[in-house]
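Below, chains carry the letters A, B, ... as their sequence lines are ordered, and counting in each starts from 1.
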There are 2 protein chains.
Amino acid sequence: MSAVRRIEQLAPQPKKAEWLDTIIKGDCVAALERLPEKSVDVIFADPPYNLQLDGTLHRPDQSRVDAVDDAWDQFDSFAAYDAFTRAWMLAARRVLKPNGTIWVIGSYHNIFRVGSVMQDLGYWLLNDIVWRKTNPMPNFRGRRFQNAHETMIWASRDKASKSYTFNYEALKAANDDLQMRSDWLFPLCTGKERLKNEDGGKLHPTQKPEALLARIMMASTKPGDVVLDPFFGSGTTGAVAKRLGRHFVGIDREETYIAAAAERIAAVEPLDDIDLALMQGKRAEPRVAFGSLIEAGLMKPGTLLFDAKRRWTANVRADGTIAIGDDAGSIHRVGARVQGLEACNGWTFWHFEEAGSLKPIDELRATVRKGMQVAAA
Amino acid sequence: MSAVRRIEQLAPQPKKAEWLDTIIKGDCVAALERLPEKSVDVIFADPPYNLQLDGTLHRPDQSRVDAVDDAWDQFDSFAAYDAFTRAWMLAARRVLKPNGTIWVIGSYHNIFRVGSVMQDLGYWLLNDIVWRKTNPMPNFRGRRFQNAHETMIWASRDKASKSYTFNYEALKAANDDLQMRSDWLFPLCTGKERLKNEDGGKLHPTQKPEALLARIMMASTKPGDVVLDPFFGSGTTGAVAKRLGRHFVGIDREETYIAAAAERIAAVEPLDDIDLALMQGKRAEPRVAFGSLIEAGLMKPGTLLFDAKRRWTANVRADGTIAIGDDAGSIHRVGARVQGLEACNGWTFWHFEEAGSLKPIDELRATVRKGMQVAAA
DNA sequence: CCGCAAGCTGAATCGTTAA
DNA sequence: ATTAACGATTCAGCTTGCG
């Protein structure tokens, strides 16, 4: 029996425990209407993009591009797509808690329809977030700009809801004391993270990277929150939610996807509460945040940092902050505080021990930057 | 006398249309309706989005909206903004040439309305472009992500128009030989570039940086093209157009802005023609038939052609075809057939031997083209 | 075992001209 | 209006296979 329970037949008003951390099979509007109202903290939705592709596209080497031509992405008109969007958005709004927020991802093919419908239904837009792709597909015919990003809309249930969750300080501390911007840089979901089908091809045509969902949840949820995904697909939302100590609810129509997602989520190991202190994803180049040393594996949580004269000792945490006892913050803030100064460059102030001698953590940053340059070359 | 002419005080000019390189004062819809249809190559529009349009906002039933009414009706407001957007977009579409394109810039407050209306009116979206700001305004309350970008929509007049201008090769060359992406990085318009009023404050609230307009025009116009800006404001579009050897037409309602923009544009020094040269790709070069190489004596019947790895050998025939045994046809068809592909560019696939090494026959085509240029000069 | 080359692929609204 | 032919066009990153 899979560790992820499934519900195919919901009772009219199921108890909370029944649908939490499950994947519901069926049409998303019908499934949403069976869930209790005001029961979900955050919704992440990756709806069909309504791509309108005519022929087949070939690369310059004449290989064929494997496009998204699934039936679920086909709509007869903009009006039909709008009606579909209104229906699921309305149903989603009912299950959202008054102070809940919703994330919707899309491309220029659909995101303008989506945003307009959201505004019409009373959702209050908080930000649009740009996912900049490090490795987007090129424009093979040289007819347009390389479509190198997707857009996410982050919105509250209505204009009046002001107490939505936004972990501003945590995001900022892990981002070198700069507030998190609306443009995020992440690679596509490829390699081992990408689920494969029995033929070795991609299981799902549009699987999203876990790093993207991780930043979303770290920004807009708290541990124990409920995250709903009405277009569950390969289950990235569930996998990240479980790893980060959040509950999930997935809805999907395809048994193939449900089975694969359930297996995937069952294999996820939740992080310890301590590790959850707050960890962040990659940030915009070329600035290197201290947190990225941890992400890159160059620095492990729990590592001790010292100033050059070993007068102070700090502890590295998983979220990219450091702490001396209860005093936690960015490498810069903690460095400034212990010295009683306004400011401090943590990169040169803090050192790590290697073979008995101290080396500034700036050396590790240099390593990361070199890697970024190589990647960009 | 200002170097920028105004529509009220025009002297008759022999060839150039009266409205070229002028600023038209008035409501943008009315002004657009007085311009000849299909007369403009590119439109750049930075429409207002604050819903406080004092008089220009009308409901679909033509009733006027009181934008400062305390009884705020969200739906009415969006509907009114949509109606305003439809009105100017429709008028703009009439003056756009069949192969013209339009750029519209906005933020998450209005861009979703704008994009939806564009799709509804038949504009065909080519890209959405993200302007990432190097120095955006912080989020002061710490309740959202720093809004660090704006979105531009680039669209053609309709789906059928395929011959819009896109200077792909030039952009790529300027971008370290990588195709230009949909995310652009520019600073805000500040410092000396920013127009000031008599109090020393900013003249216009949303003056766009010239670098942004320069990339737009370098991407989607050719020298001598006509660029229309229906919300001219501080005149950035006109200033950049003049500098880059493009014509402009501006529309604005405010005399203050018109006067400042006229003065600004008058001070602009156009670049020399030689600096305005556009890098052209092969698709802009005259077509050369393979047979003309034989006629020009650059290739003799009986010459052997090879692919780069010498897996196949073909024989040049006097009629401009090539043959492998009995299999004869154009350089493209034979190249495709031996590879088992649908298509093949014979110019780059086939090579001839010179001094023991292989050179693509494309080199001979370049020679012919060079001769054609000399003959035309 | 490593190092390097070659191959594959990702939410894509992806052509023009002459007969 | 339709068809056929011409011929232009890709970036990053991971995987596979060979020496």
All N/O pairs under 3.5 Å across the protein-nucleotides 6-9 of chain C interface:
none

Taking OP1 and OP2 of [N], is either one under 4.0 Å from a side-chain nitrogen or oxygen of [X]?
{"X": "A/Arg64", "N": "C/dC14", "result": "no"}
{"X": "B/Asn345", "N": "D/dA8", "result": "yes"}
{"X": "B/Tyr168", "N": "D/dT10", "result": "yes"}
{"X": "B/His332", "N": "D/dC6", "result": "no"}
{"X": "A/Arg194", "N": "C/dA11", "result": "yes"}

Between [options], spot the one nearest the side chain of [X], thanks.
{"X": "A/Ala67", "options": "D/dG7, D/dT10, C/dA12", "value": "C/dA12"}
{"X": "A/Leu57", "options": "D/dC11, C/dC14, C/dA11", "value": "C/dC14"}
{"X": "B/Arg287", "options": "D/dC6, D/dT10, D/dA12", "value": "D/dC6"}
{"X": "A/Asp73", "options": "C/dA12, C/dA11, D/dC11", "value": "C/dA11"}
{"X": "A/Tyr49", "options": "C/dA11, C/dT17, C/dC14", "value": "C/dA11"}

Heavy atoms from other residues, nucleotides or ligands near [atom1] of [X] exceed 12 (cutoff 6.0 Å):
{"X": "A/Arg194", "atom1": "CZ", "answer": "yes"}
{"X": "B/Asp176", "atom1": "CG", "answer": "no"}
{"X": "A/Asp199", "atom1": "CG", "answer": "yes"}

Report which part of the nucleic acid [X] touches: base, sugar-phosphate, or nothing (heavy-atom distance under 4.0 Å, all strands).
{"X": "B/Thr348", "result": "nothing"}
{"X": "B/Lys159", "result": "nothing"}
{"X": "B/Ala343", "result": "base"}
{"X": "A/Gly55", "result": "base"}
{"X": "B/Lys172", "result": "sugar-phosphate"}
{"X": "B/Cys344", "result": "base"}
{"X": "A/Pro209", "result": "nothing"}
{"X": "A/Asn147", "result": "sugar-phosphate"}
{"X": "A/Arg143", "result": "sugar-phosphate"}
{"X": "A/Glu193", "result": "nothing"}
{"X": "B/Arg181", "result": "nothing"}
{"X": "B/Leu125", "result": "base"}
{"X": "A/Thr206", "result": "base"}

Query - Watson-Crick or G-U wobble partner of C/dA11, both distances under 3.5 Å - result: none
Query raised in the report: Do A/Asn197 and A/His204 have side-chain atoms, one donor and one acceptor, less than 3.5 Å apart?
Result: no
Query raised in the report: Can you find a donor-acceptor pair, distance only, under 3.5 Å between B/Glu169 side chain and D/dT9 base?
Result: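 Absent.
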Rounded interatomic separation in angstrom, taking [atom1] from [X] and [atom2] from [N]:
{"X": "A/Met137", "N": "D/dG13", "atom1": "CE", "atom2": "P", "value": "15 Å"}
{"X": "B/Leu341", "N": "D/dG7", "atom1": "CG", "atom2": "C1'", "value": "14 Å"}
{"X": "B/Asn127", "N": "C/dC14", "atom1": "CG", "atom2": "C1'", "value": "10 Å"}

Query - First encountered from the 5' end of DNA chain D, between A/Thr134 and B/Val288 - result: B/Val288
Query - C1' spacing across the pair D/dC18 / C/dC1, given as an integer number of angstrom - result: 14 Å
Query - Salt bridge present between B/Asp120 and A/Arg113 (N-O < 4.0 angstrom) - result: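 Salt bridge flag = yes for A/Arg113 with B/Asp120.
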